Protein chains: 2
Amino acid sequence: MNTKRPRRPLTLRDVSEASGVSEMTVSRVLRNRGDVSAATREKVLTAARTLGYVPNKIAGGLASQRVNLVAVIIPSLSNMVFPDVLGGISAELEDTGLQPVVGVTNYSPPREDAVLYDMLSWRPSGVILAGLEHSAVARAMLDNAGLPVVEIMDIDGDAIDTAVGISHRRAGAEMAAEILRAGYRRIGFIGTHMPEDHRARKRLAGFEERLAQDNVSLSAREFYQGGSSLQKGRELTERILAREPELDFLYYSNDMIGAGGLLWCLEKGYDIPGKLGLAGFNGVDLLDGLPLRLATTDARRIDIGRRAARIVAGKETAPENGVVALTPTFKPGDTIRNA
Amino acid sequence: MNTKRPRRPLTLRDVSEASGVSEMTVSRVLRNRGDVSAATREKVLTAARTLGYVPNKIAGGLASQRVNLVAVIIPSLSNMVFPDVLGGISAELEDTGLQPVVGVTNYSPPREDAVLYDMLSWRPSGVILAGLEHSAVARAMLDNAGLPVVEIMDIDGDAIDTAVGISHRRAGAEMAAEILRAGYRRIGFIGTHMPEDHRARKRLAGFEERLAQDNVSLSAREFYQGGSSLQKGRELTERILAREPELDFLYYSNDMIGAGGLLWCLEKGYDIPGKLGLAGFNGVDLLDGLPLRLATTDARRIDIGRRAARIVAGKETAPENGVVALTPTFKPGDTIRNA
DNA sequence: CTGAAAGCGCTAACAC
DNA sequence: GTGTTAGCGCTTTCAG
């Protein structure tokens, strides 16, 4: 094994010499560009294959000034929402020759700047990034880059070029409306304490505004740090109900902690949804296997990925106002009683 | 907004002219390479910043023949195990100047070949890829590439360069031993039907071999297609127990379906772990919030990522035999009775 | 249909 | 400490 690892990677010239065809024509064959006779094409392909030649995109990109990469910048991979977005993006990019390259910011603006800088230094053909809130530095880089920029997940704010997402404000408001319609009145909220999670913040704002319309205000809030897990959902639920035993509804900022809360409540024998209603956010398929299906809002993650990719790929042109608004859809599940 | 998007991206030359310093020295400043006087450095940095210059790594990579990218090739992003591996990799790469670039194969060998080809065409400084089973084409490409190759997750087989992982055969065998020790004898297995999931296959093989040592053989198996979910775990558990009501243990090929099975069994009132024991595989933290903690094997995902990254980064040299064997650790949880 | 020449934006290597 | 020269491996452009 492993006997003759070549010192020098193969170049077009090697294929050219092995096949007796000029570098230029070899290049044409390998890229399916321009007309080449079947005979020549065959010679080249055989030579390339037997040598095990892999083109050098660094050189190719420099010469052609075009790179088939799309930068995708997201806050996290671990909360089971961004993998869905990525799935939508890859699916839609599949037949375009474009390839997504993923960068993760951990919800840190300086880290976002760094990741963006790094990705832009590869001169991608487009950028897809989560959220509408970016540092002045980031905005300047994107302005200077002169490439399509699609901001995803959120549409409550100003887009640089194009935004594809849902209104989290609206998602929050609609959930509030459903909860009120069902007759719940003593409502608690459980969410992350993350100043940089703008979407969760907007959701909560929309939620409280809608409650206020009915003269209801939140009876309790509980915030947590770090990642979401079932365990975290349990702890926070226990804590908020210990503090405010009279609560009749809990709105969670994501499905994972909501599911944890649900499991805890069921164990403790709470009457759900009779005496206590629960709802989460995202619409992950984890919920389908729980003892009761948690009410939630489908955040349209896959669709968001697809539309963003279509725009970057030029399959679809962004609307005049630069906003592609998808509709967050309420999923009642089993944890909100019927009105 | 968006007024003066430049037609031509900025080059070193622009910074050079704006600062009155030669291109070469500008380059030195921007890369922190070689000695440059504080005064010059300041001039350059200011010019670069005010122009909004972003270096072109395509050109840089071509000139220097070095690229700070590490290709990471994994089968899937959606099963909550690879994000952990990725986390370990990024964490360890953070201070090395290297950057992971992720490719996903969906457990398809042809897709793996394609992804690998594509990544190699960017001439990364190293490759980390899941598993030891690769097509002849893939092996040839890796041999030709002349760069460090680390195969992760599995060590049961031959590595190209270096393998970092656990023995799945052993993990299966050890779980079997625990189950037998606890006195269970009528054992069923539930797993994916994926010819390409070699690790699951090896786990099952090790599991059955160990059972055979005690003259026990599997009483039932249930296979499924597609992704894992709680719901799938419920359905399969119901099915296998309908077919073989006498089973006293269920071994699942991953924690997600195991958790689904656990929830279903609890609802149906099974005596767990008294009459029926359950175990999964991976050790994901989802398990911490379930009504009972599912027994499982910690697959050491984060450690695997870290060690692999250390080797690619040259922080650590691979052992002579090319195998970094981590120890899969049994986690008893609450679903196996004490012996 | 095929080839030759020029150069993409940067850095290695060598002057000064 | 700083500048000059020559490519890196490919593709563009223009000839044939």
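We name chains A, B, ... by the order of the sequence lines, and we start the count at 1 in each one. Nothing here was measured: the structure is a model prediction, and the numbers come from that model.
- The stretch residues 301-324 of chain B participates, sequence neighbours left out, in these salt bridge (charged side-chain N to carboxylate O under 4.0 Å, His left out) pairs: Asp84(B)-Arg301(B), Glu92(B)-Arg306(B), Glu92(B)-Arg310(B), Glu92(B)-Lys315(B), Asp95(B)-Lys315(B), Arg300(B)-Asp303(B), Arg307(B)-Glu316(B), Arg310(B)-Glu316(B).
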Task: Annotated protein contacts, base or backbone, on nucleotides 7-16 of chain D with a non-hydrogen cut-off under 4.0 Å, one of B, S, - each - done: BBBBBB----

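- Residues Asn32(B) and Arg41(B) bring a donor and an acceptor atom of their side chains to less than 3.5 Å of each other.
- A donor-acceptor contact under 3.5 angstrom links the side chains of Ser27(A) and Arg31(A), judged on distance only.
- Rounded to 10°, the helix from dC1(C)-dG16(D) to dC16(C)-dG1(D) has 30° between the axis fitted to its first five pairs and the one fitted to its last five.
- Under the 4.0 Å criterion applied to side-chain N and carboxylate O atoms, Asp156(B) and Arg199(B) are not assigned as salt-bridge partners.
- When all heavy atoms of Leu132(A) and Asp154(A) are compared, the pair lying nearest together is CD1-O, 3.6 Å.
- Distances shorter than 4.0 Å separate none of the side-chain N or O atoms of Thr40(B) from OP1 or OP2 on dG1(D).
- Atom CZ in Arg41(A) sits roughly 11 Å away from atom P in dC1(C) (whole-Å rounding).
- Taking both residues in full, the closest heavy atoms of Ile304(A) and Leu326(A) are given as CG1-CD1, 3.6 Å, listed atom of the first, atom of the second, then distance.
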TODO: Quick one: do Val72(B) and Ile89(B) satisfy side-chain contact (heavy atoms from CB on, under 4.5 Å)? Show the steps, please.
DONE: CA-CA 9 Å; Val72(B) 179; Ile89(B) 293 176; 3.9 Å; yes

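- At dT2(D), none of the side-chain N or O atoms of Thr25(B) fall inside 4.0 Å of OP1 or OP2 (strictly under the cut-off).
- Contact between Pro55(B) and Arg123(A) at its shortest, heavy atoms only, is O-NH1, 3.3 Å.
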